[in-house]
J.: 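This is the structure I have questions about; it appears just below.
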2 protein chains.
Amino acid sequence: MNTAPAASSASADEPRWLTDEEQRVWRSYIEAATLLEDHLDRQLQRDAGMPHVYYGLLVKLAESPRRRLRMTELAMSAKITRSRLSHAVARLEKSGWVRREDCPSDKRGQFAVLTEEGQEVLRRHAPGHVDAVRQAVFDRLTPEQQKSLGEIMRIVAEGLQPSGTGADLPWLR
Amino acid sequence: MNTAPAASSASADEPRWLTDEEQRVWRSYIEAATLLEDHLDRQLQRDAGMPHVYYGLLVKLAESPRRRLRMTELAMSAKITRSRLSHAVARLEKSGWVRREDCPSDKRGQFAVLTEEGQEVLRRHAPGHVDAVRQAVFDRLTPEQQKSLGEIMRIVAEGLQPSGTGADLPWLR
DNA sequence: TGATGGAAGTTGAGACTTCAAGCAAGTTCG
DNA sequence: CGAACTTGCTTGAAGTCTCAACTTCCATCA
């Protein structure tokens, strides 16, 4: 959402306002992103009893060797803060879907580990979730649009990355 | 975020999992959306003292005749629930940027009205916000990509619209 | 008129997020 | 070694969001 003050020939230090067309694009983005997030949150909350982000965390763990990830690593890969992750894992632990384990090589470190029940929850609800994503996004877009969306979002994500590739974690050797 | 169980020839009732390429697209989308929301929230919270959604509400009001909108109308146009809006307006009211006014023609109705200070806050912080949006999105995309993004998001948003065009509000005559 | 159902908006509790502060363990370097 | 700094992660409080009531008022229709 943006403002568009009276159109004017850009003066020296006048900010570069969005053009009408840019505003339409931006508005569409915001609306779609808002609706989509909401939609997926609602779907997963109803069916699986957790918000979309939490589901994403379980997926990341499921895809990882030994179904575990260091807290920081998980936070980075999910693009959330450690604090947020800490709270999230606490809740997932309470639900029995994740368990914490001490890191042997670094006494400060913690692993988040997907439990058996966590895997079961994923197995049970993945189909419904994929469906939701398909219906909301992929089924509505042409292959070219899908490709385009991927490229665009990759570019945007890259530009916002906390800095560096992030692949400079010591534990990754 | 999705799961991709062992690839298999889709059996009768096997859900249509995302292909590898679709997964990459989806992952990029989620990452970009997460980072972007976070980035804008942080920027606005730091500079203007409110999250991105709240800023969006002020903008909607600023663009409306007499700088006011019925609660339901504002909620729909911002794609959020009435409940959320109710809380949000309460907070914006406390900050002095919005004021509520009774609707003369419907005693249940409320207008959210942008105050003078609300306008001032927008004036002061719009440039910084536009900058942030430009840097994160528009400056990184080609004109074709911008256009494409607009089309794609318009399609997705349309598919998730609560149903109907929503333009069937009585007060709009 | 007045019963019924729907619409507008609010509320409170609980869940989630943010922010700043904090603790403990690793690292650096004189 | 040990002070100073950094890293990994957690914590609590304050802010925000969701969900399910709930209140009030409007609209319909007999």
Side-chain angles (χ1 to χ4, degrees), chain A residues 34-35 37-46 48-57 69-76 78-95 98 100-112 162 164 166 168-172, chain B residues 34-35 37-46 48-57 69-76 78-95 98 100-112 162 164 166 168-172:
Chain A
T34 305
L35 289 168
E37 236 228 326
D38 215 67
H39 184 67
L40 297 181
D41 267 347
R42 224 180 286 286
Q43 184 264 317
L44 281 169
Q45 190 69 59
R46 170 169 51 73
M50 71 188 122
H52 185 220
V53 202
Y54 287 27
Y55 182 86
L57 295 175
L69 239 29
R70 285 286 294 269
M71 293 295 282
T72 297
E73 213 173 348
L74 180 50
M76 293 184 76
K79 269 59 184 164
I80 63 178
T81 64
R82 287 179 240 219
S83 172
R84 186 175 177 183
L85 180 63
S86 228
H87 289 294
V89 166
R91 156 15 167 134
L92 290 171
E93 218 171 1
K94 212 173 295 180
S95 302
V98 165
R100 281 182 226 245
E101 255 180 50
D102 292 344
C103 174
S105 63
D106 185 338
K107 273 167 200 156
R108 295 165 305 177
Q110 289 278 102
F111 282 104
D168 41 28
L169 297 236
W171 344 295
L172 301 180
Chain B
T34 306
L35 289 168
E37 237 231 321
D38 214 69
H39 184 66
L40 297 181
D41 266 346
R42 225 180 285 287
Q43 186 263 316
L44 281 169
Q45 189 69 58
R46 171 169 50 73
M50 72 188 121
H52 186 219
V53 200
Y54 288 25
Y55 182 87
L57 296 174
L69 239 28
R70 285 286 292 269
M71 293 296 281
T72 297
E73 213 173 347
L74 180 50
M76 294 184 75
K79 270 58 185 164
I80 64 177
T81 64
R82 291 174 215 198
S83 173
R84 186 174 177 183
L85 180 63
S86 227
H87 289 295
V89 167
R91 168 350 182 144
L92 290 171
E93 218 171 1
K94 210 172 298 180
S95 302
V98 166
R100 281 182 226 246
E101 255 181 49
D102 292 345
C103 174
S105 63
D106 184 338
K107 275 169 199 153
R108 297 165 302 177
Q110 290 279 104
F111 283 105
D168 40 30
L169 296 235
W171 344 296
L172 300 180

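Chain letters run A, B, ... following the sequence lines, proteins first and then strands; every chain starts at 1. Every value quoted in this text rests on a predicted model; they were computed, and no experiment measured them.
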J.: Using a 4.5 Å cut-off on heavy atoms from C-beta on, say whether the side chain of B:Phe111 contacts that of B:Arg70.
T.: yes
J.: Within the structure shown, what part of the strands sits under 4.0 Å from B:Arg46 by heavy-atom distance: base, sugar-phosphate, or nothing?
T.: nothing
J.: What N/O pairs connect the protein and nucleotides 12-19 of chain C at under 3.5 Å? Give each pair on its own line.
T.:
unit_1: C:dG12; atom_1: O6; unit_2: B:His87; atom_2: NE2; d: 2.8
unit_1: C:dC16; atom_1: OP1; unit_2: A:Arg91; atom_2: NE; d: 3.4
unit_1: C:dC16; atom_1: OP1; unit_2: A:Arg91; atom_2: NH2; d: 3.0
unit_1: C:dC16; atom_1: OP2; unit_2: A:Arg91; atom_2: NE; d: 3.2
unit_1: C:dT17; atom_1: OP1; unit_2: A:Arg84; atom_2: NE; d: 3.0
unit_1: C:dT17; atom_1: OP1; unit_2: A:Arg84; atom_2: NH2; d: 2.5
unit_1: C:dT17; atom_1: OP2; unit_2: A:Tyr54; atom_2: OH; d: 3.0
unit_1: C:dT18; atom_1: OP1; unit_2: B:Asp38; atom_2: OD1; d: 3.3
unit_1: C:dT18; atom_1: O4; unit_2: A:His87; atom_2: NE2; d: 3.0
unit_1: C:dC19; atom_1: OP2; unit_2: B:Arg42; atom_2: NH1; d: 2.6
unit_1: C:dC19; atom_1: N4; unit_2: A:Ser83; atom_2: OG; d: 2.6

J.: Nearest-Å distance, CG (B:Leu69) to P (C:dA8)?
T.: 14 Å
J.: Considering non-hydrogen atoms only, spot the tightest contact between A:Ala112 and A:Val98 and give its length.
T.: CB-CG1, 4.1 Å
J.: Whole angstrom is fine here: how far is it from CD in A:Glu73 over to P in D:dT7?
T.: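 A:Glu73 atom CD is separated from D:dT7 atom P by 16 Å.
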J.: Output the rounded distance in Å from CZ (B:Arg82) to P (D:dT24).
T.: 18 Å
J.: Please report, rounded to the nearest Å, how far the C1' atom of C:dT10 is from the CG atom of B:Asp102.
T.: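 So the two atoms are 14 Å apart, to the nearest Å.
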J.: Using a cut-off of under 3.5 Å, enumerate the N/O to N/O pairs linking the protein to nucleotides 23-28 of chain C.
T.:
unit_1: C:dG26; atom_1: OP1; unit_2: A:Lys107; atom_2: N; d: 3.2

J.: Give the minimum heavy-atom separation between B:Leu57 and B:Ala78, together with the two atoms involved.
T.: CD2-CB, 3.7 Å
J.: Below 4.0 angstrom from OP1 or OP2 of D:dT7, is there any side-chain N or O of A:Thr72?
T.: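 Negative; the distance criterion is not met.
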J.: Rounded to whole Å, please give me the gap between CG in B:Leu92 and P in D:dG15.
T.: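 The distance from CG of B:Leu92 to P of D:dG15 comes to 14 Å, rounded to the nearest Å.
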J.: How close or far is atom C1' of D:dT10 from atom CE of A:Met71, stated in whole angstroms?
T.: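 Computing the A:Met71:CE to D:dT10:C1' distance gives 9 Å.
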J.: In whole angstrom, give the distance that lies between atom CG of A:Leu74 and atom C1' of D:dG8.
T.: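 Rounding to the nearest Å, CG of A:Leu74 and C1' of D:dG8 are 14 Å apart.
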J.: Measuring from B:Tyr54:OH to B:Asp41:CG, what's the distance to the nearest 0.5 Å?
T.: 10.5 Å
J.: Is the shortest side-chain heavy-atom distance between A:Arg100 and A:Glu93 below 4.5 Å?
T.: yes
J.: Looking only at non-hydrogen atoms, find the nearest pair between B:Asp102 and B:Gln110 and report the distance.
T.: OD1-OE1, 2.7 Å
J.: Identify the two heavy atoms, one from A:Leu92 and one from A:Met50, that lie closest to each other, and give their separation to 0.1 Å.
T.: CD2-SD, 4.3 Å
J.: Of all the heavy-atom pairs spanning A:Pro51 and A:Arg91, show the shortest one and how long it is.
T.: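 Closest approach of A:Pro51 to A:Arg91: CD-NH2, 4.2 Å.
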J.: Tabulate below the donor-acceptor pairs under 3.5 Å that side-chain atoms of residues 80-89 of chain B make, not counting sequence neighbours, or state none.
T.:
unit_1: B:Thr81; atom_1: OG1; unit_2: B:Arg84; atom_2: N; d: 3.1

